[in-house]
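The structure appears below as structure tokens.
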Amino acid sequence: MYALCDCNNFYASCERVFKPSLNGKPVVVLSNNDGCVIARSQEAKDAGVAMGAPAFEIKELIKQKGIHVFSSNYALYGDMSNRVMSVLGSFAPSFEVYSVDEIFLDFKGMHNTNLTEYCKKIRKSVRQNTKIPISIGIAPTKTLAKMANKIAKKKYKEIGVLELSDTATIEKHLNEFPVGDLWGIGYRYAKFLEKNNIRTAFELMQMNDAWIRKNLSVQGLKLVYELRGIPCIPMEETAPDKKGICVSRSFGQMTNELQVLEESVATFANRAAQKLRKQNSNCAAISVFIHTNQFRADLKQYYNSRYIQIPIPTNDSGELIKWALTGLKQIYKPGYMYKKAGVFIFEISPEDAVQTNLFAALPEDDRKKKLNSTVDKLNKIMGRNVVKYAAMGDGKKWKLRQEMLSPCYTTRLDDVFIITI
DNA sequence: TCTGGGGTCCTAGGACCC
DNA sequence: TCTGGGGTCCTAGGACCC
């Protein structure tokens, strides 16, 4: 049996942990740049705040209903997530951290345990240790556990736990469950299925395999097997290495200056290199893109990107910054108001992979490695970007708007000391 | 008139997840 | 005035190989 544990309204709940006076009150958290709503407390949902609603469109509603608004504080949520996961992980022989607020527990071998009672205890423990409320769904497959979790959240709020183990109970719930709410059925498939008169999970499960394979691909077929109680989606206890890494941001203000774009792109390339080093990988290609504000129909629009092949795979910040800036200069055109830029890195390979390159073993490479690892260590101890490249600038002209940011209660602040190299 | 039977790799686009 | 930022996998079709 598997359990899917999911934090309720995670970001909103994190903010509440440090401001308990907000318990029982409507709370929302906004995306970067204070753009859209990305988390809502139950009270905010009840007040009619839609997921993804642009903040400026719901200003009136916020005022009317007295909704408390926060800028997103990912340092806080990431740290809270680690705490929640370490509590939850201790309750099962193996687990998979599926997202910032979700974890699958694998209860293999626990045949004599009353799982519903056990999960009630888990829930209580998380609440006591972290103050974060969670819901738990228990079932023989991951997909059914996801479904059980959704039902628990909606219909069994007080208990917060739902176990689906016998066929009759599973069928009853499949019958009541909208097909579009299934894990793996998104907006498009839901529309398509509705057109074919398939509205519940049970109706989908009844379809024949060939039809599902043809119309919903092998993923759809796996999903249906899982609904029938046959596990097809294995646990992934260790996260696989990333195959591509993207760092991009919208700017707080639009800019037409090359220098401002350069500073942002250097910052993104450096961040991407840090992520690459964290998984002990190199990359052999980098791409940089810029674009104008697509919502401003009154302004000239421009989008471009440049893909660059890197001769020798690397994870050196300095080198990736250099390539990113090279690409940027090739696509930058003056006279446009830019709103967003970003850096992708591709062709990722393990750092220790043998490179049969003529120039592989330069002493200079060794020095770069030492520099990067020293900088990474300093930043880990003292705060992100305490040591950084001068090319990254101070970010004052493009930085995010975060007008309602809560303090980083559990982690250090950035930019305490700035040392440029 | 008739026109084989395998493969690989790459890319774009579309679906999904949080 | 204002509209997020990451990822994964699959498929079809084309180019190319023998």
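In what follows, chains are A, B, ... by sequence order, proteins preceding strands, each numbered from 1. Just so we're clear, the structure is a prediction, and the values are computed from it rather than from any experiment.
Here C:dC18 sits opposite B:dG5 as a Watson-Crick or G-U wobble pair (both hydrogen-bonding atom distances under 3.5 Å).
Here A:Lys131 contributes atom NZ and A:Cys14 contributes atom SG; the two are 14.0 Å apart, rounded to the nearest 0.5 Å.
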### Message
Let's go through A:Glu102 and A:Lys146 carefully: what are the C-alpha distance in whole Å and the side-chain angles of both, what is the deciding distance for salt bridge (Lys or Arg N to Asp or Glu O under 4.0 Å) to 0.1 Å, and is it a yes or a no?
### Response
CA-CA 10 Å; A:Glu102 283 173 78; A:Lys146 277 282 247 183; 2.5 Å; yes
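For DNA chain C, the contact window with chain A, defined by any atom under 4.0 Å from a protein heavy atom, covers C:dT1 to C:dT11 in 5' to 3' order.
Under 3.5 Å, the side chains of A:Ser71 and A:Asp34 contain a donor-acceptor pair of N or O atoms. Counting only N and O atoms by type, the side chains of A:Lys333 and A:Asn304 include no donor and acceptor under 3.5 Å apart.
Comparing A:Gly252 and A:Phe344 by the nucleotide of DNA chain C whose heavy atom lies nearest to each, the residue mapping closer to the 5' end is A:Gly252. Heavy-atom nearest nucleotides on DNA chain C were determined for A:Met254 and for A:Ser250, and the one closer to the 5' end corresponds to A:Met254.
Summarising the local packing, NZ of A:Lys397 is surrounded by 12 or fewer heavy atoms from other residues, nucleotides or ligands at distances under 6.0 Å.
Residue A:Arg296 is classed as a sugar-phosphate contact, given heavy-atom separations below 4.0 Å to backbone atoms only. Note on A:Asp101: only backbone sugar-phosphate atoms sit closer than 4.0 angstrom, heavy atoms only; bases stay farther off. Residue A:Asn33 is out of contact with every strand shown, counting any heavy-atom pair closer than 4.0 Å. Among the atoms of the strands shown, only primed sugar atoms or phosphate atoms (P, OP1, OP2) are found under 4.0 Å from some heavy atom of A:Gly244. Heavy atoms of A:Lys146 sit under 4.0 angstrom from primed sugar atoms or phosphate atoms, though from no base atom. As judged by a 4.0 angstrom heavy-atom cut-off over every strand, A:Leu182 is placed among residues touching the sugar-phosphate backbone only. In this structure, A:Lys339 reaches the sugar-phosphate backbone alone: every heavy-atom distance under 4.0 Å involves primed, P, OP1 or OP2 atoms, never a base. A:Gln294 comes within 4.0 angstrom of no nucleic acid atom, judged by non-hydrogen atoms across all strands. Among the protein residues, A:Ile185 comes within range of the sugar-phosphate backbone only, with heavy atoms under 4.0 Å from sugar or phosphate atoms but none that close to a base. Residue contacts shown for A:Lys243 are limited to sugar-phosphate atoms, with no base heavy atom under 4.0 Å away. Within 4.0 Å of A:Leu30, counting heavy atoms only, lies no atom of the nucleic acid at all. At a threshold of 4.0 angstrom between heavy atoms, the contacts of A:Lys214 with the nucleic acid are absent. Across all strands, A:Val100 comes closer than 4.0 Å to no nucleic acid atom at all (heavy-atom distances).
Side-chain contact check for A:Val375 versus A:Ser317: every heavy-atom pair is 4.5 Å or farther apart.
Between A:Tyr409 and A:Phe18, the ring planes lie parallel to each other; the angle is under 30°, not in the 30° to 60° tilted range.
Between C:dC17 and B:dG4, the two C1' atoms lie 15 Å apart (nearest whole Å).
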